[in-house]
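Letters go in sequence order (proteins before strands), and every chain restarts at 1.
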Amino acid sequence: MRIATWNVNSVRSRIDRVLGVLERHDLDVLLLQETKCRDDQFPTMPLSAAGYEVAMHGLNQWNGVAVISRVGIEDVRVGFENMPTYGEPPVAEARALGATCGGIRVWSLYIPNGREIGHEHFHYKLDWLANLRATAAGWLSADADAQVLLAGDWNVAPTDEDVWDPAFFEGKTHVTDEERAAFRAVVDAGYADLVRPFTAEPRTFTYWDYTQLRFPKKQGMRIDFALGSPALAARVTDAEIDREERKGKGASDHAPVLVTLSD
DNA sequence: ATGGTTGACGTTCAA
């Protein structure tokens, strides 16, 4: 079984690339973030034609998450228990979608960006990660053998090796001690990084800003992660970051992150 | 090339 996560940055503008990724990697499950469309706008038909089912959750042009699977989609859940809201009036944004695919409880996650240190959105980000940790820890308390995948755009670079220049990020989000601690808390709750062991080279990135020729200059960040429960981590045989997908006209600014599991 | 990216409900916002 092969599962991938990808911040697609508009599923409508990139549906052909989505189909290409599914085929090229022979994916069973693909988790998308930043689909940027309402459910009724989602390009379901070409995915169905390719043999995939789709569960999506999008409220407007912002955020949006989806699960694409050819091994079934059951028990779909929009948002997680205690997921924080944002704004006034409070809105439960389209940032988390859970489903059971081929016996694995998968979550497509789009962690809030944070915008600026100290911004209301920054506190929202930290709360969001803390509540996710609490809820996900509960899943393992209830069933230590649960097969759970927490995957998506975490908007955190967990170490200095995960950014192209730590000095550039001083005073910016994604690299602060608070964000890193919030990410590490999820790992410490029992969810291991399934990909880093297979992509351990420093300066291995999953995201490159569109501006300033960041991609050709290899100036990126590792902020997209697939974290797995112990039972799931035990099944991982390979993982990779599809850097090729970032190339060419019409690429997302994020690369797909892939995990291969034993049966 | 006084530029420098992309996508969306866009003449602005978010990333």
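- Contacts of A/T211 classified as side-chain hydrogen bond (donor to acceptor under 3.5 Å, both in side chains), with partners at least two apart in sequence or in another chain: A/D209.
- By the side-chain hydrogen bond (donor to acceptor under 3.5 Å, both in side chains) test, A/D26 is found to be paired with A/R70, residues two or more places apart in sequence or in another chain being considered.
- Backbone-only engagement by A/Y110 is indicated by non-hydrogen atom pairs under 4.0 Å involving sugar-phosphate atoms exclusively.
- The salt bridge (charged side-chain N to carboxylate O under 4.0 Å, His left out) contacts involving residues 88-98 of chain A comprise A/E93-A/R95, where partners must be two or more places apart or lie in separate chains.
- Here B/dG4 is in the syn range [glycosidic angle within 90° of 0].
- The distance from atom CD1 of A/I111 to atom CG of A/D224, rounded to the nearest 0.5 Å, is 9.5 Å.
- Partners of A/Y110 according to the side-chain hydrogen bond (donor to acceptor under 3.5 Å, both in side chains) rule, which considers only residues two or more places apart in sequence or in another chain, are A/E34.
- Here the P atom of nucleotide B/dA15 and the CD atom of A/E34 are 7 Å apart, to the nearest Å.
- The interatomic distance linking A/Y207 (OH) with B/dA15 (C1') rounds to 6 Å, in whole Å.
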*Assign a letter to each nucleotide of nucleotides 5-13 of chain B from its 5' end: B, base within under 4.0 Å of a protein heavy atom; S, sugar-phosphate only; -, no contact.*
BSBSB---B

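- The gap from the C1' atom of B/dC9 to that of B/dA14 amounts to 14 Å, rounded to the nearest Å.
- Partners of A/E53 according to the side-chain hydrogen bond (donor to acceptor under 3.5 Å, both in side chains) rule, which considers only residues two or more places apart in sequence or in another chain, do not exist here.
- B/dG7 and B/dT2 have their C1' atoms separated by 25 Å, given to the nearest Å.
- What separates CD of A/E116 from P of B/dA14 is a distance of 11 Å, to the nearest Å.
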